[in-house]
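All heavy atoms count here, side chains included; hydrogens, waters and symmetry mates do not.
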Amino acid sequence: MVAFFPISHTSCLFHTLLSSWFIIMSLAGKISTEIRVHATAAKWFNLFATQLHDVQNLTDRVHGTKLHHGHDWHHNESIKHWTSTIDGKVTTYHESIESIDEANKKITYKVFGEEFDHKFKVLKVIFQAIHKDEGGSIIKWIIEYETTSEEVDPPFGFLEYVHNGSRDVDANLLKA
């Protein structure tokens, strides 16, 4: 997120050192995407709430998943290990469920691990399946993040990964 603040012409020091605009980079932000899918919101939510381990069989973008810590894939204290293609390279990360909102078909995940921890203080991925009366549903992905420094770009590659992965998953959910 970039914010522009005009510099006062009364401040000679800033006026002589900088141009007429001053840029401040924010370390925290939110990015999102929505994708129209054919499978029902209930089917999507069920997959992510009770059958998350099956995602690796529904998209080639996920190479493998395993339970890293805990005994239940869908328990808040469980940690899953994912190996996926993100930004064109094989990436490994951990994920845990932060919260599940069944009424709104919404799940918040915490993403962390070696490849993300040096870039992000916070990386939350929020999934929501929204029913459409005319058929199908909308899958909404929101990524809330806080970077470790201004040099770190927002996680656009991860957003593209979940967006495109949703297309793959939808095609397979329709076959099921």
- Task: Considering non-hydrogen atoms only, spot the tightest contact between S149 and L27 and give its length.
- Result: C-CD2, 3.4 Å
- Item | Aromatic plane relationship, Y93 with W82 - under 30° parallel, 30 to 60° tilted, over 60° perpendicular | parallel
- Message: Do V55 and I35 sit in one hydrophobic cluster, given that two such residues count as connected whenever their side-chain heavy atoms are within less than 4.5 Å of each other, even indirectly?
- Response: yes
- Query: Do K80 and I97 have side chains that get closer than 4.5 Å, going by heavy atoms?
  - Reply: yes
- Query: Is there a chain of hydrophobic side chains (I, L, V, M, F, W, Y, each step under 4.5 Å between heavy atoms) that links I86 to V122?
  - Reply: no
- Message: As a quick check of understanding, evaluate side chain to side chain contact (heavy atoms under 4.5 Å, CB included) for T92 and E114, giving each step before the final call.
- Response: CA-CA 8 Å; T92 60; E114 202 173 298; over 6 Å; no
- Query: Are any non-hydrogen side-chain atoms of W44 and D170 less than 4.5 angstrom apart?
  - Reply: yes
- Message: So does T59 get a backbone contact from the side chain of D168, meaning a donor-acceptor N/O pair under 3.5 Å?
- Response: no
- Query: Would you call L52 and L47 a side-chain contact if the rule is heavy atoms closer than 4.5 Å?
  - Reply: no
- Partner of W141 under ring pair (Phe, Tyr, Trp, His ring centres under 6.0 Å), picked from Y161, F127, F156, is F127
- Task: Could you pull out the closest heavy-atom pair between H53 and N57, with the gap in Å?
- Result: O-ND2, 4.4 Å
- Item | Note, E34 side chain near I139 side chain (heavy atom, < 4.5 Å) | no
- Flag side-chain contact, heavy atom, 4.5 Å: Q51 against N46: yes
- Item | ILVMFWY cluster, I79 and L123 together (side-chain gap under 4.5 Å) | no
- Specify the closest pair of heavy atoms between Q56 and T65, including all atoms of both residues, with the distance to one decimal. OE1-N, 2.9 Å
- Task: Mark yes or no: K110 above the aromatic ring of F112, with NZ or CZ under 6.0 Å from the six-membered ring centre and no more than 45 degrees from the axis.
- Result: yes
- Task: May I ask you to test the I126-E144 pair for a side-chain heavy-atom distance under 4.5 Å?
- Result: yes
- Closest heavy-atom pair, L174 versus H38, reported as atoms and distance to 0.1 Å, is CD1-CB, 3.5 Å
- Does R36 come within less than 4.0 Å of E134, counting only side-chain N to carboxylate O? yes
- Query: Roughly how far apart are N104 CG and K140 NZ, rounded to 0.5 Å?
  - Reply: 11.0 Å
- So, for D87 and G157, which heavy atoms are closest and what is the spacing to 0.1 Å? OD1-CA, 3.1 Å
- Query: Do F45 and I138 share a hydrophobic cluster, counting only Ile, Leu, Val, Met, Phe, Trp and Tyr and linking them when any side-chain heavy atoms are less than 4.5 Å apart?
  - Reply: no
- Can you find a pair of side-chain heavy atoms, one from T83 and one from H81, that are under 4.5 Å apart? yes
- Item | Reported CD1-to-CG distance for the pair I31 and L159, which is rounded to 0.5 angstrom | 4.5 Å
- Run the numbers on T85 and H63 for side-chain hydrogen bond (donor to acceptor under 3.5 Å, both in side chains), then give the verdict. CA-CA 8 Å; T85 300; H63 305 293; 2.5 Å; yes
- Message: Quick one, S137 and I130 - any side-chain contact, counting heavy atoms below 4.5 Å?
- Response: no
- Item | Heavy-atom pair of closest approach, residues F120 and D153 | CZ-O, 3.8 Å
- Message: Side chains of S78 and H69 only: does a donor on one sit below 3.5 Å from an acceptor on the other?
- Response: no
- T148 side-chain N/O to H118 backbone N/O, donor-acceptor pair under 3.5 Å: yes
- Task: Enter the distance from K124:NZ to S99:OG here, rounded to the nearest 0.5 Å.
- Result: 8.0 Å
- Residues which pass side-chain contact (heavy atoms from CB on, under 4.5 Å) with S32, listed by chain and number, not counting sequence neighbours: I142
- Message: Set out, in order, the CA-CA distance, both residues' side-chain angles and the distance that settles ring-ring contact (aromatic ring centres under 6.0 Å, His included) for F116 and F158, then state yes or no.
- Response: CA-CA 11 Å; F116 291 103; F158 202 93; 5.7 Å; yes
